[in-house]
Amino acid sequence: MGQAAGPEQGLTPLTNLELADLLEEIGDLLELKGDEGFRVRAYRRAARVVRGLGEPVQRVAEEGRLRSLPGVGPALAAKIQEMLTTGTSQYLEKLREEIPPGLREVMLVPGVGPRTAALLHSELGVADLESLEAAARAGRLRSVPRLGLRREEAILEGVARVRARGGLVPLAVARPLALELAAMLARRSEVVRVEVAGSVRRWCETVEAVVLVAAGPDPARIVEAFGALPGFREPPERSAGRARGRWGAGVPVELEATLPEAFGVALVRLTGSEAHWRRLEERAQGRGMRLGPAGLCVDGRQVPCDGEDELYRLLGLPPIPPELRENGHEVEEAAAGRLPRLLEPSDIRGDLHVHTDWSDGTASLEEMAIAARSRGYEYLAITDHSRSLAFARGLDVARLRGQAEAVAALNHKLAPFRVLAGIEVDILADGSLDLPDAALAELDFVIASVHSRMRQDRVTMTARLLRAIASPHVDVIGHLTGRLIGEREPCELDHEAVLEACAASGTALEINASPHRLDVDRCLARQARDRGVTLTLGTDAHDRVSLEDMAFGVGTARRARLGPGEVLNTLSADELLACRKG
DNA sequence: GCCGTTTTCGGCCCGACTGTTTTCAGTCG
């Protein structure tokens, strides 16, 4: 307490995520510069370690433990220290002068990596997405060595795709920022109460803006305090009780400040969806009240509403969970007492998809297990990659057996906590599995996932998945569509055929809880449920911190209206093992 | 860049596909 840099120094302590971004940027710029690959990887590895660190890197630095982090040697420790003190590093600043930072977004275009981006820069002076698009439209790309008409067309299409998603912020970015901003506001004396609202609160996978609602006796002072937070690129626009601006790299952020007695109505309105709010307005009108931005009026008098539940109660409704506030029909359901019992975070008894340093994770088997136990779980399934994912150090039969032995030893040590010996076995291009049946048969839990050849046509990809689903050893299909939100489109697939095969064979489908994936999504999860397919939740964590991503999985499951009975991880370890196939 | 029952240098990250070529560099998972 009191140690953090105050406003008098004009510097807020860097969060782990911000520091990781700076390290990532150095990696990208070095790569664009043509630096040898190992240094680039060192920066990226350090970024990953910092991102997945279970404690503030600030504290690690203060206690002189930076060098103890894996992948952090003398050079990186010094740069991290400098970044924590000054907010940047001279090395990074120099790189930014040498290489146009806009080239980083050029690399977002599919098919354009560091070499091509650098080539486009040197040959055509491309420095960002705009100049790339202009050059492509002018037909100047096709004349560059190793490029041609086909790639020019593909790049133009890719630019459009990158653009299209440009306006939306992935939940993976928006939610941590929303929570951080809410925490900053909560510390201000002007603020009595603050909540995250908007699409973030409804766990939408992408959002237009981070929206916050804060209450206090003097809303104007809250708006003022909000505008003064460090992190806005330029001062946010302010109007009565409101402020909106762009935070950090440009994420749109909005605040509405109210009096405490108007907080409930504001929170419901700003949480949305719009259809939900409209439906509530209609319902109020139907009951002789008037609901609007100013609040709820009964007989011409403003009724105080300091919480959401109070508003719903006045409208004759039970509280409606934010995840259900979508098309407005949920209001009728609520009125009829037919709201579903939704999955709760506390229903989840274990994580069914994690990686360790046996493959491409950063934490050891024991570290992951202990982290899972301290989250209150009863069990954890270890599901590292298999053989063919060489770049992730995937496990072959021998190493898998070695890991199973290590798991057995760990179970002895951590009992009654259970570690399940599992695998995320690769589904190869023809639908066969990357490990022999005999090896899979020995495991407690088998996820099968596609990691390569993701652009197969619909027929081929469907057949490929059906073959994996038919395997008696496969318990779950992991991240079915392979999409990465804002980065990679889902693969072509006959969903109906897949769901039918899952239902018939008793194969579960995963809701991958990584906020970058959320795969299967809400719609597909709901369809699966309707077809009698069981779902599992797995974080796909590659470090201890990412075990917290389970919240995103639960949010998605709730949006899909799943209850505890439809999710495998609500079972005990014994029940789970008992209901495996075969 | 980091790291060391290969310990202060020499490894570390592999294989398939694609569009461009006429033998392969670059991208991706």
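Nucleotides B:dT18 and B:dC12 have their C1' atoms positioned 27 Å apart, rounded to a whole Å. For B:dT21 and B:dC14, the C1' atoms lie 24 Å apart once the distance is rounded to whole Å. Between the P atoms of B:dC17 and B:dG11, the separation comes to 30 Å (whole Å). For the C1' atoms, the distance from B:dT20 to B:dA25 is 9 Å, rounded to whole Å. The C1' atoms of B:dC3 and B:dT8 are separated by 10 Å, rounded to the nearest whole Å.
Candidate nucleotides B:dG26, B:dC14, B:dT20 were compared by shortest atom distance to the side chain of A:R150, and B:dT20 ranks first. Between B:dC2, B:dC28, B:dG26, one nucleotide has an atom nearer to the side chain of A:P110 than all others, and that is B:dC28. For A:F38, whose side chain is taken as the heavy atoms from C-beta onward, the closest listed nucleotide among B:dC14, B:dC12, B:dC2 is B:dC12. Counting only heavy atoms from C-beta on, A:K79 has its side chain closest to B:dG1 among B:dG26, B:dC14, B:dG1. In this structure, the nucleotide among B:dC28, B:dG1, B:dC14 sitting nearest to the side chain of A:A42 is B:dG1.
Considering only side-chain N and O atoms, A:R453 lies under 4.0 angstrom from the phosphate OP1 or OP2 of B:dC17. Using a 4.0 Å cut-off, no side-chain N or O of A:S388 falls inside it from OP1 or OP2 of B:dG15. The shortest distance between the side-chain N/O atoms of A:R151 and the OP1/OP2 oxygens of B:dG19 is not below 4.0 Å.
Both A:A117 and A:L147 lie near DNA chain B, and the one whose nearest nucleotide falls closer to the 5' end is A:L147. Annotation: of the two residues near DNA chain B, A:P114 and A:P145, the 5′-most nearest-nucleotide partner is A:P145.
For A:L141 and B:dT20, the CG to P distance is 11 Å, given to the nearest whole Å. Atom CD in A:E153 sits roughly 15 Å away from atom C1' in B:dT18 (whole-Å rounding). In this structure, A:I155 atom CD1 and B:dT20 atom P are separated by 9 Å, rounded to whole Å. Atom pair A:R115:CZ and B:dT20:P shows a separation of 18 Å (rounding to whole Å applied). B:dG1 atom C1' lies 6 Å from atom CZ of A:R39, rounded to whole Å. A:M454 has its CE atom 15 Å from the C1' atom of B:dA16, to the nearest Å. Per the geometry, CG belonging to A:D457 stands 16 Å off C1' belonging to B:dC17, to the nearest Å. Atom pair A:L29:CG and B:dG1:P shows a separation of 13 Å (rounding to whole Å applied).
A cation-pi contact, defined as under 6.0 Å to the ring centre and within 45° of the axis, is absent between A:R522 and A:W203.
Taking a pair to require two hydrogen-bonding distances under 3.5 Å in either a Watson-Crick or a G-U wobble arrangement, B:dG10 pairs with B:dC3.
With respect to A:E123 and A:R140, no salt bridge is recorded, no charged nitrogen being found less than 4.0 Å from a carboxylate O. Using a 4.0 Å cut-off between charged nitrogen and carboxylate oxygen, A:R531 and A:E496 count as a salt-bridge pair.
The side-chain contact (heavy atoms from CB on, under 4.5 Å) with A:I423 is formed by just one residue from the set A:L435, A:I447, A:T383; it is A:L435.
No side-chain N or O of A:D549 forms a donor-acceptor pair with one of A:T539 less than 3.5 Å apart.
Residues A:E24 and A:R51 form a side-chain contact, since some pair of their non-hydrogen atoms from C-beta on lies under 4.5 Å apart.
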